[in-house]
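Structure first, commentary second.
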Amino acid sequence: GDSVTQMEGPVTLSEEAFLTINCTYTATGYPSLFWYVQYPGEGLQLLLKATKADDKGSNKGFEATYRKETTSFHLEKGSVQVSDSAVYFCALSEGMIKAAGNKLTFGGGTRVLVKP
Amino acid sequence: ETGVTQTPRHLVMGMTNKKSLKCEQHLGHNAMYWYKQSAKKPLELMFVYSLEERVENNSVPSRFSPECPNSSHLFLHLHTLQPEDSALYLCASSQEGQNSPLHFGNGTRLTVT
């Protein structure tokens, strides 16, 4: 079945440091890939997505490129802020049978702590 | 109100109680989901409703009973739960389709005593 593997955290960084969170996936078809972020006490929010190979998703200074050859979708940010402290989830979605919802497979999440 | 709203935010219940979690979405979506988030475990998809029909039930114990009376509302009815059911229960909604992102509520933190 489909699976998503993320690096385990916690990842602790200083402000303005470079952040990379690795994500690799296993899927039988051509999945869409997502990064979600969860701030303390809240639900998950979509951070960015990519729907086909070589697509780059970007939002709020974060970027991730869909690499089919390495089955990866690593998340990067060039200069993190304290407000980026959160748990980050990589997820994939396979092509769905019509009217069957959009069932995401999530990675285990990576906690990021940014210190001033 | 906009987005996905879940109530209550926190719930403590005994193993013999019956309670319900409520989710409401104001996004015009036609699919809704229940996820369970436990400490140190990946998010677990519990149920999916699409166009008000249940299309996924991931081997969830019968002590969890979902209900989707219309496309904007989703309930999770709970009865005779176990302590290991304590978790954050997240509701989400989306449009149909592989590329449609899920929009999550803030969750209900459930503690079973």
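Numbers restart at 1 for each chain; the letters A, B, ... are given by sequence-line order, proteins then strands.
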Test side chain to side chain contact (heavy atoms under 4.5 Å, CB included) applied to A:Asn22 and A:Ser72, step by step: CA-CA 8 Å; A:Asn22 289 341; A:Ser72 65; over 6 Å; no

Region of A:Gln6 in contact with chain B, defined by heavy-atom distances below 4.5 Å: neither

So what's closer than 4.5 Å to chain B heavy atoms on A:Tyr39: side chain, backbone, both or neither? neither

Tell me whether B:Ser50 contacts the main-chain N or O of B:Ala31 through its side chain, where contact means a donor paired with an acceptor under 3.5 Å. no

Using the side chain to side chain donor-acceptor pair (under 3.5 Å) definition, which of the options B:Ser100, B:Ser94, B:Ser93 pairs with B:His29? B:Ser93

Most heavy-atom pairs under 4.5 angstrom with chain A, which of B:Leu45, B:Leu88, B:Leu43, B:Asn30? B:Leu43

Between A:Ala91, A:Gly41, A:Gly109, which shows the greatest number of heavy-atom pairs under 4.5 Å with chain B? A:Gly41

Quiz question: by atom type and distance under 3.5 Å, do the side chains of A:Thr105 and A:Tyr25 form a donor-acceptor pair? no

Hey, could you give me each pair passing side chain to side chain donor-acceptor pair (under 3.5 Å) that has a residue in residues 60-69 of chain A? Not counting sequence neighbours. none

Please classify the contact between [X] and chain A as side chain, backbone, both or neither, with a heavy-atom cut-off of under 4.5 Å.
| X | result |
| --- | --- |
| B:Gln37 | side chain |
| B:Leu102 | both |
| B:Arg109 | neither |

Which residue in the set A:Phe73, A:Tyr36, A:Trp35, A:Tyr88 passes ring pair (Phe, Tyr, Trp, His ring centres under 6.0 Å) when paired with A:Phe62? A:Tyr88

Where is the tightest heavy-atom contact between B:Cys23 and B:Val4, given as atom of each residue plus distance? SG-CG1, 3.6 Å

Would you say that more than 12 heavy atoms from the other residues, nucleotides or ligands in this model lie under 6.0 Å from the CD of B:Glu53, or not? no

With chain A as the partner chain, list the residues of residues 72-81 of chain B whose heavy atoms fall under 4.5 Å from it, by residue number, and write 'none' if nothing qualifies. none

Would A:Phe18 and A:Glu76 count as a side chain to side chain contact (heavy atoms under 4.5 Å, CB included) here? Give the steps. CA-CA 7 Å; A:Phe18 185 88; A:Glu76 297 181 335; 3.9 Å; yes

